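First the structure, in the form of structure tokens, and then the observations on it.
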Amino acid sequence: MSELRSGLGEAAGAAFAALGLPADLGRVTASDRPDLADFQCNGALAAAKSGAGPPREIAARIAAALAASPLVATAEIAGPGFVNIRVSDGALAARAAELAADPRSGARRVQASRRVIVDYGGPNVAKEMHVGHLRASIIGEAIKRLFRFLGDEVQGDAHFGDWGFQMGLLIIACGDEDPDIAALVDNSAPGPADEAILDRIGLDDLDRLYPAAAARAKTDPAYRDRARRATADLQAGKAGALFLWRHFARVTKVALERDFHTLGVDFDLWRGESDVDPLIAPMVADLAIKGLLVDDAGARIVRVAREDDKRPAPPLLVVSSEGSAMYGTTDLATILDRRTFFDPELCLYVVDQRQADHFLTVFRAAYLAGYASEGSLEHVGFGTMNGTDGKPFKTRAGGVLKLRDLIDMVAGKARERLAAADLGQELAPEDFQATALMVGVAALKFADLINYRGTSYVFDLERFSSFEGKTGPYLLYQAVRVKSLLRKAAEVGATPGPIAIADAAERELTLALDAFAGVLAEAYERRAPNLIAEHAFRLARSFSRFYGACPVLAAPDAQTRASRLALAQTTLAQLELALEVLGISIPERM
Ligand code: ARG
């Protein structure tokens with residue numbers, strides 16, 4: 001048995017086929033009017049449009065055929081020719097039993113597993129994280145987990161930004177501040193004895209120096225030129241510069257990994273732009289041999305525009321006039337690199353929508369050069385998280401956001417809310433901090449994931465942190481309620497048993513459970529984790545109604561109690577899977 005919707009679709013398809021009409025008219029969707037029906041089929045209207053006869057007559061025959069199916073309780077014609085379908089209690093019970101027994105809660109696997117890279121997060125050395133990185137991390141993590149759960153072989157790569165102009169800026173800024181460091185940069189053979197100098201520079205210093213240096217470079221051309229030369233020197237392998245650079249990358253990475261981990265974001269690969277540096281010179285030579293590289297006022301570019309472009313596609317800047325590799329150059333070389341160690345069949349770049357042109361250019365250059373097969377590179381863009389002013393979210397001080405500050409902020413709000421809410425749970429005081437952190441992170445992540453990724457949304461911590469409404473804390477609370485119910489059941493020796501469906505709330509809950517497989521498949525196709533977030537909410541809300549309407553431990557008889565316990569357990573299992581895919585952890589109690 002598979003999802004009810006597809007089972008019904010097959011039955012309706014067979015009914016159309018029996019009338020000599022195309023079987024795909026039998027497509028069944030969730031009902032627009034859940035009060036009247038569970039599912040509906042609109043095929044008779046389409047059939048009538050193509051001249052098969054009056055729609056209500058066709059619908060009547062389809063309804064009659066459907067009514068004979070064991071899946072169906074009633075099938076009725078409505079309006080101009082819709083067929084409204086109510087599933088039989090027996091079919092619901094059978095489906096619930098199937099889901100209860102399935103550790104994947106009905107989730108199918110892809111037919112052929114692919115090797116997939118998810119390029120997401122994209123943090124940089126020194127340059128602080130901004131909301132683009134936050135969304136990339138949250139959405140990318142969910143997409144990575146989804147693809148993996150459905151059976152692909154997936155590697156998530158942070159694509160650490162450690163090789164650009166910002167490195168040159170930092171090198172000169174640190175050197176200007178401390179003559180020992182300036183000397184170190186010019187030292188042609190730095191060694192262990194010089195480590196002590198490096199210890200003078202911590203993350204705080206980078207955070208302090210970088211914004212100032214970046215601002216100065218904008219207005220001071222001489223300073224900018226020095227930074228450009230420092231960047232070129234670094235990329236040319238100057239020993240002292242590399243020595244210092246490695247330190248920058250190390251301290252940044254340690255802090256970032258820790259903060260990402262708190263957010264439930266863990267990269268499989270932490271490769272940097274710098275890792276592909278050795279591939280760049282041969283790649284440039286190869287592009288030249290292939291006739292793709294052209295001179296453009298001292299720089300070398302690849303033109304990727306096509307005649308039918310509606311907007312002019314910018315060329316790929318491969319080598320700047322100073323001889324530096326650019327952002328697109330490392331991206332192109334990364335495509336080659338990934339081929340050597342993983343040979344991905346699909347590469348998803350979960351990056352801010354504002355970089356759409358960049359990726360269009362890089363992908364076209366890769367296809368032109370034969371570095372990837374057409375269509376195997378995909379930009380999965382997203383909108384911004386805005387402040388109440390409608391602009392990309394900034395901290396109160398007006399600066400870009402620091403991941404750590406954001407985490408502290410959401411955890412603080414969750415502590416406040418948890419302390420104020422009386423959730424009736426037995427949360428031990430020593431678990432309070434850790435639980436608040438989980439609740440805060442869930443609030444943040446769910447608020448992001450519930451929006452279709454292309455949509456921008458407003459950061460509203462008050463609303464995100466509520467225990468009511470479509471929020472992470474609401475979901476966690478429902479999950480924790482089921483856990484507590486199951487613990488109590490175990491204490492009194494109540495065990496789950498065969499599922500029977502009688503109450504309307506049991507029907508609703510089972511219909512929600514049934515939809516999971518289809519939701520995952522669609523989320524996968526559309527790279528749209530919001531569908532899973534929406535499903536998790538529907539499931540939690542259905543559980544809440546069920547729990548209100550159908551006493552479990554106080555059920556009228558032992559069979560009903562066992563059945564309802566089984567439904568509760570199946571709900572928890574599916575909610576856990578859905579939240580696991582979204583990268584949201586559930587506490588034991590709250
Ligand atoms: N580091 C980049 C930035 O801060 C994002 C990297 C995205 N990934 C990529 N392959 N270009 O904008």
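The structure displayed is predicted, hence computed values, not measured ones. As the structure lists them, so they are numbered: ligands from 1, and atoms in each ligand from 1.
Among the atoms of V351, none of the N or O lies under 3.5 angstrom from an N or O of ligand 1. Ligand 1 has an N or O atom lying under 3.5 Å from an N or O atom of N124, backbone or side chain.
Between H358 and Y327, the ring-plane angle classifies as parallel under the 30° and 60° cut-offs. Ring orientation note: the planes of F267 and W270 are nearly perpendicular, at an angle over 60° on the 30°/60° scale.
Nearest to atom 10 (N) of ligand 1 by heavy atom, out of D352, D331, D157, is D331.
Ionic pairing of D162 and R246 is not present here: no N-O contact between side-chain nitrogen and carboxylate oxygen is shorter than 4.0 angstrom.
Near F359, meaning under 4.0 Å from one of its heavy atoms, ligand 1 places the atoms 9 (C), 11 (N). Atoms of ligand 1 found under 4.0 Å from any heavy atom of Y349 (numbered from 1 in listed order, with element): 10 (N).
Between Y524 and F149, the gap from one ring centroid to the other reaches at least 6.0 Å.
For R109, the CZ atom is loosely surrounded, since the number of other residues' heavy atoms within 6.0 Å does not exceed 12.
For atom 8 (N) of ligand 1, the closest heavy atom belonging to the protein is D119 OD1, 3.1 Å. Counting only heavy atoms of the protein, atom 12 (O) of ligand 1 lies nearest to Q355 NE2, 2.9 Å. Protein heavy atom at the shortest distance from atom 5 (C) of ligand 1 is Y327 OH, 3.4 Å.
With a 4.0 Å cut-off on non-hydrogen atoms, W163 does not touch ligand 1 at all.
Taking the ring axis of F382 as reference, the NZ or CZ atom of R453 does not stay both within 45° of it and closer than 6.0 Å to the ring centre.
Side-chain N/O atoms of Y210 and D205 include no donor and acceptor closer than 3.5 Å.
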